[in-house]
Asks: 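Have a look at this one before I ask anything.
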Amino acid sequence: MIAVTFPDGASRQFEPGVSGLDIAKSISPSLAKRTVAMALDGELRDLVDTIDRDAKIEFVSREDPRALELIRHDCAHLLAEAVQELYPGTQVTIGPVIENGFYYDFYRSEPFTPDDLPAIEKKMREIVARDAAITKEVWSRDQAKTYFTAKGEAFKRELIESIPGGEDLKIYRQGHWLDLCRGPHLPSIGKVGTAFKLMKVAGAYWRGDHNNPMLSRIYGTAFAKQEDLDAYLHRLEEAERRDHRRLGREMDLFHFQEEGPGTIFWHEKGWALFQSLVSYMRRRQKAAGYREVNTPQVLDRALWETSGHWQTYRENMFLTKTEDERIFALKPMNCPGHVQIFKNGLKSYRDLPVKIAEFGIVHRYEPSGALHGMMRVRAFTQDDAHIFCNEDQIMEEALKVNDLILTIYKDFGFDDVVVKLSTRPEKHVGSDEAWAKAEAALHKVLEELAARGLKTGVNPGEGAFYGPKLEYTLRDAIGREWQCGTTQVDFNLPGRFGAFYIGADSEKKTPVMIHRAMFGSLERFTGILIEHYAGHLPLWLSPLQIVVCTITQDADDYAYEVAAEARKLGLAVDLDLRNEKITYKVREHSLAKVPALLVVGKKEAAERTVSIRRLGSQAQSSATLADALAALAAEATPPDVKEA
RNA sequence: GCCGGUUUAGCUCAGCUGGUAGAGCAACUGAUUUGUAAUCAGUAGGUCGCGGGUUCGAAUCCUGCAACCGGCACCA
């Protein structure tokens with residue numbers, strides 16, 4: 001006999017081989033009816049699975065959050081069945097659950113288009129209505145291979161072949177349709193319900209490898225209840241309203257045009273925002289002991305050969321040939337330039353660490369399909385720095401960088417940060433010993449960060465070609481993750497360039513170089529901020545902070561005075577004296593995301609007050625001109641200046 | 001780079017099976033002097049992404065290219 005323990009702590013004896021369903025039935029038929037799966041010792045399993053050892057069991061109803069994965073997984077199968085019913089000859093491949101939904105990849109000579117989706121979805125609803133039972137069978141590898149080969153399912157056959165021999169395969173059957181699958185699944189296809197929607201089609205390489213054939217992928221989402229689906233679709237609309245490309249246009253920050261794919265035309269206001277970020281970072285860095293420099297935009301090919309960029313990344317570099325046949329490259333990174341500055345003039349061990357910073361504009365010829373607004377561009381500004389130090393200083397310096405990064409993210413309201421270590425990639429330069437040392441150093445740092453309570457992780461094989469790195473990912477206001485900051489330990493480039501310092505023993509020593517960026521790309525960070533704040537920039541970052549709006553012409557003189565006083569305090573002010581209703585002005589400036597409106601009419605002019613309306617609120621308050629401006633000026637002070 | 005889609009006025013979009021373009025908002029002009037998210041009336045505005053082709057005739061059909069959008073791959 002085996003002991004099965006229930007969530008309430010009660011325990012009962014059963015014969016080995018009893019199924020979850022049997023147990024549920026033994027408790028009550030209604031429980032058996034509403035249960036869609038079970039969790040055995042916390043692991044989600046099919047209800048029909050048998051139990052042959054002591055275990056904790058939980059019955060999972062359709063409404064249980066854990067059932068959502070099953071609903072989505074079954075919905076992927078449902079999609080596949082519908083597609084094969086409607087489009088015979090289409091081959092199935094894989095259909096996993098992903099964040100917010102699922103997809104299924106098909107192979108078909110003619111890829112699916114968005115126009116196909118309504119018909120497929122309709123068919124899916126028909127199949128749901130049939131409510132066929134989902135049953136599980138265990139097949140041998142050979143049996144499965146024979147079956148899918150005979151059916152012409154070449155991709156499934158390949159999948160089966162990649163499964164280690166000896167393992168039995170699970171087949172899930174729903175009505176006339178079946179698929180090879182790991183499971184678990186719901187008891188019947190009708191349990192998927194109707195709160196699902198096909199979202200989009202896309203091409204995707206078989207097994208994620210661009211050397212493989214391209215499959216036709218259909219994305220969908222599913223929820224337990226219609227209201228959850230509606231809420232999700234609403235969230236998508238919200239995200240769309242935050243899109244920095246849209247807000248950039250609406251707020252008159254920047255634009256793109258055809259002649260400069262992946263490059264930004266910054267308008268006055270956008271550039272003011274950009275410059276606020278640069279000034280802020282410049283102050284923070286200076287306080288942390290960095291020395292700001294500037295290095296050439298265009299450098300001889302030979303330098304990139306020395307660094308290794310030429311060999312590794314030439315096809316992604318912008319190249320230019322001059323009349324005398326010399327080949328130059330627009331810099332894709334700042335590090336070689338900074339090494340040149342380090343090398344210029346003899347350095348002693350007493351000088352270390354040397355921290356060289358630059359707001360360096362780099363050009364990278366990104367694949368056309370990768371471009372995405374300001375998030376992925378071909379020319380961007382890095383808040384780049386290189387710390388030249390000795391091996392013993394790595395830990396301390398990396399921790400200082402860490403502290404600075406966290407301070408900076410906090411100033412923008414990013415408190416949820418994850419740090420991941422990326423280790424040696426296939427394409428790399430340098431010896432195994434150097435890599436081992438560098439990775440060991442960062443591992444130690446990572447452990448220290450974990451000990452301090454930071455969320456940490458590892459991305460194997462994701463390092464830079466010259467060294468491993470720590471990558472900082474932050475989470476924005478609507479829960480999306482953005483990888484921004486990076487700390488990279490490099491035992492390679494300084495040596496390749498022959499950089500050295502004189503050690504305490506009077507011998508030449510090769511320094512270690514730590515590459516680090518905090519915003520990463522200023523352009524991208526600006527885009528992230530726009531979306532994070534949904535355009536409602538905090539006062540200290542807003543390019544236009546105040547608009548003084550008059551109610552009638554009678555207040556014009558006073559409005560000029562208000563604006564002049566505000567400017568004296570360094571606030572960015574516009575005047576709206578137009579002959580329009582105040583409702584019109586409020587609407588217009590609210591849509592333009594102006595953080596503060598100072599409304600003045602006859603009353604305010606007489607009393608020397610202002611009526612204050614802040615973006616995002618319908619409320620108005622009144623204050624004397626001096627008090628109102630003092631409060632706004634205080635709020636407009638950058639956080640690092642406030643600290644000082 | 002690969003797959004699919006899109007490209008018409010400053011913005012959002014309409015324009016069916018080919019008969020040389022239309023709306024709303026914005027802009028401009030005039031009237032209105034207004035109390036916290038759209039005052040009224042009028043006017044003007046378009047190489048229909050770019051190139052080639054079919055046709056008596058192309059925004060519409062075919063074709064090449066580009067940019068953008070959604071994914072995939074890539075991201076030093």
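Convention: sequence-line order gives letters A, B, ...; per-chain numbering from 1. What's counted below: heavy atoms across the whole structure, side chains too, no hydrogens, waters or symmetry copies.
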Asks: Quick one: side chain to side chain donor-acceptor pair (under 3.5 Å) partners of Glu604(A), sequence neighbours excluded?
Replies: none
Asks: With sequence neighbours left out, write down each residue that passes salt bridge (Lys or Arg N to Asp or Glu O under 4.0 Å) with Arg241(A), or none if nothing qualifies.
Replies: Glu238(A)
Asks: Any donor and acceptor pair, going by atom type alone, linking the side chain of Gln84(A) with main-chain N or O of Leu86(A) inside 3.5 Å?
Replies: no
Asks: Using a cut-off of strictly less than 4.0 Å between a heavy atom of the residue and any atom of RNA chain B, enumerate the qualifying residues of residues 513-532 of chain A by number.
Replies: none
Asks: Hey, does the Lys NZ or Arg CZ of Arg217(A) hover above the aromatic six-ring of Tyr104(A), less than 6.0 Å from the centre and inside 45° of the axis?
Replies: no
Asks: Check side chain to side chain donor-acceptor pair (under 3.5 Å) between Arg496(A) and all other residues, then give those that pass, not counting sequence neighbours.
Replies: none
Asks: Establish, with yes or no, whether the OP1 or OP2 oxygen of rA37(B) is under 4.0 angstrom from a side-chain nitrogen or oxygen of Gln618(A).
Replies: yes
Asks: Could you check whether His515(A) and Asp490(A), counting side-chain N and O atoms only, form a donor-acceptor pair closer than 3.5 Å?
Replies: yes
Asks: Return the set of residues passing side chain to side chain donor-acceptor pair (under 3.5 Å) with His338(A) (not counting sequence neighbours), or none when no residue passes.
Replies: Glu358(A), His386(A)
Asks: Is it true that Trp206(A) and Glu158(A) share a donor-acceptor pair across their side chains at a distance under 3.5 Å?
Replies: yes
Asks: Side-chain donor-acceptor pairs under 3.5 Å in residues 361-370 of chain A, sequence neighbours left out?
Replies:
unit_1: Arg364(A); atom_1: NE; unit_2: Pro332(A); atom_2: O; d: 2.9
unit_1: Arg364(A); atom_1: NH2; unit_2: Pro332(A); atom_2: O; d: 3.0
unit_1: Glu366(A); atom_1: OE1; unit_2: Arg376(A); atom_2: NH2; d: 2.9

Asks: I'd like the C1' distance from rA58(B) over to rG49(B), given in whole Å.
Replies: 16 Å
Asks: Looking only at atom types and distance, does a side-chain atom of Thr510(A) sit under 3.5 Å from a main-chain N or O of Gly495(A), one as donor and one as acceptor?
Replies: no
Asks: Which part of the nucleic acid does Gln311(A) contact within heavy-atom distance under 4.0 Å: base, sugar-phosphate only, or nothing?
Replies: nothing
Asks: rG15(B) and rC72(B): how far apart are their P atoms, nearest whole angstrom?
Replies: 31 Å
Asks: Could you encode protein contacts along nucleotides 60-76 of chain B as a string, one character per nucleotide from 5' to 3', using B for base contact, S for sugar-phosphate-only contact and - for no contact, with a heavy-atom cut-off of under 4.0 Å?
Replies: ------SSSSBBBBBBB
Asks: Rounding to an integer number of angstrom, what distance separates rU8(B) and rC16(B) when you compare their P atoms?
Replies: 15 Å
Asks: Taking a pair as Watson-Crick or G-U wobble with both distances under 3.5 Å, which nucleotide is matched to rA44(B)?
Replies: none
Asks: How about Glu523(A) and Gln382(A): does a side-chain donor come under 3.5 Å of a side-chain acceptor?
Replies: no
Asks: Taking the same atom, P, in rA23(B) and in rA14(B), what whole-Å distance lies between them?
Replies: 15 Å
Asks: So which protein nitrogen or oxygen atoms get under 3.5 Å of nucleotides 8-17 of chain B's nitrogens or oxygens?
Replies:
unit_1: rU12(B); atom_1: OP1; unit_2: Arg249(A); atom_2: NH2; d: 3.4

Asks: Taking only residues two or more places apart in sequence or in another chain, which ones pass side chain to side chain donor-acceptor pair (under 3.5 Å) with Arg480(A)?
Replies: Asp476(A), Glu531(A)
Asks: Check RNA chain B against residues 581-596 of chain A and give the residues with a non-hydrogen atom under 4.0 Å, in numerical order.
Replies: Lys581(A), Ile582(A), Thr583(A), Tyr584(A), Val586(A), Arg587(A), Ser590(A), Leu591(A)
Asks: On RNA chain B, check which nucleotide each of Pro111(A) and Ile612(A) is closest to and give me the residue with the more 5' one.
Replies: Pro111(A)
Asks: Distance between the C1' atoms of rG18(B) and rC61(B), in whole angstroms?
Replies: 8 Å
Asks: Does any donor atom in the side chain of Asn211(A) or Tyr205(A) lie under 3.5 Å from an acceptor atom in the other side chain?
Replies: no
Asks: Please give the distance between the P atoms of rC3(B) and rA26(B) as a whole number of Å.
Replies: 43 Å
Asks: For a quick check of understanding: with a heavy-atom distance under 4.0 Å over all strands, which category does Lys427(A) fall into, base, sugar-phosphate or nothing?
Replies: nothing
Asks: With rounding to whole Å, what would you report as the distance between rC11(B) and rC68(B) at their P atoms?
Replies: 16 Å
Asks: Using Watson-Crick or G-U wobble geometry with both distances below 3.5 Å, tell me the partner of rC74(B), or none.
Replies: none
Asks: Roughly how many Å apart are rG51(B) and rA66(B), using the P atom of each and rounding to a whole number?
Replies: 15 Å
Asks: Check this for me, if you would: do Glu462(A) and Lys469(A) make a salt bridge, where the nitrogen-to-carboxylate-oxygen distance has to be below 4.0 angstrom?
Replies: no
Asks: Between Glu580(A) (CD) and rU36(B) (P), how many Å, whole number?
Replies: 16 Å
Asks: What is the pairing partner of rG19(B), taking Watson-Crick or G-U wobble pairs with both distances under 3.5 Å in any strand?
Replies: rC56(B)
Asks: Go through the structure and list residues passing side-chain contact (heavy atoms from CB on, under 4.5 Å) with Arg424(A), not counting sequence neighbours.
Replies: His428(A), Asp432(A), Trp435(A), Glu439(A)
Asks: May I ask which nucleotide in the shown strands pairs with rA31(B), Watson-Crick or G-U wobble, both distances under 3.5 Å?
Replies: rU39(B)
Asks: Quick check on Glu268(A): does its CD atom have over 12 non-hydrogen neighbours (other residues, nucleotides or ligands) under 6.0 Å away?
Replies: no
Asks: With a 3.5 Å limit on both atom pairs, tell me what rU7(B) is paired to, counting Watson-Crick and G-U wobble, or say none.
Replies: rA66(B)
Asks: Contact list please: residues 548-558 of chain A against RNA chain B, heavy atoms, distance less than 4.0 Å, in numerical order.
Replies: Ile551(A), Thr552(A), Gln553(A)
Asks: Is it true that the NZ or CZ of Arg72(A) lies under 6.0 Å from the centre of Phe223(A)'s six-membered ring and within 45 degrees of the ring axis?
Replies: yes
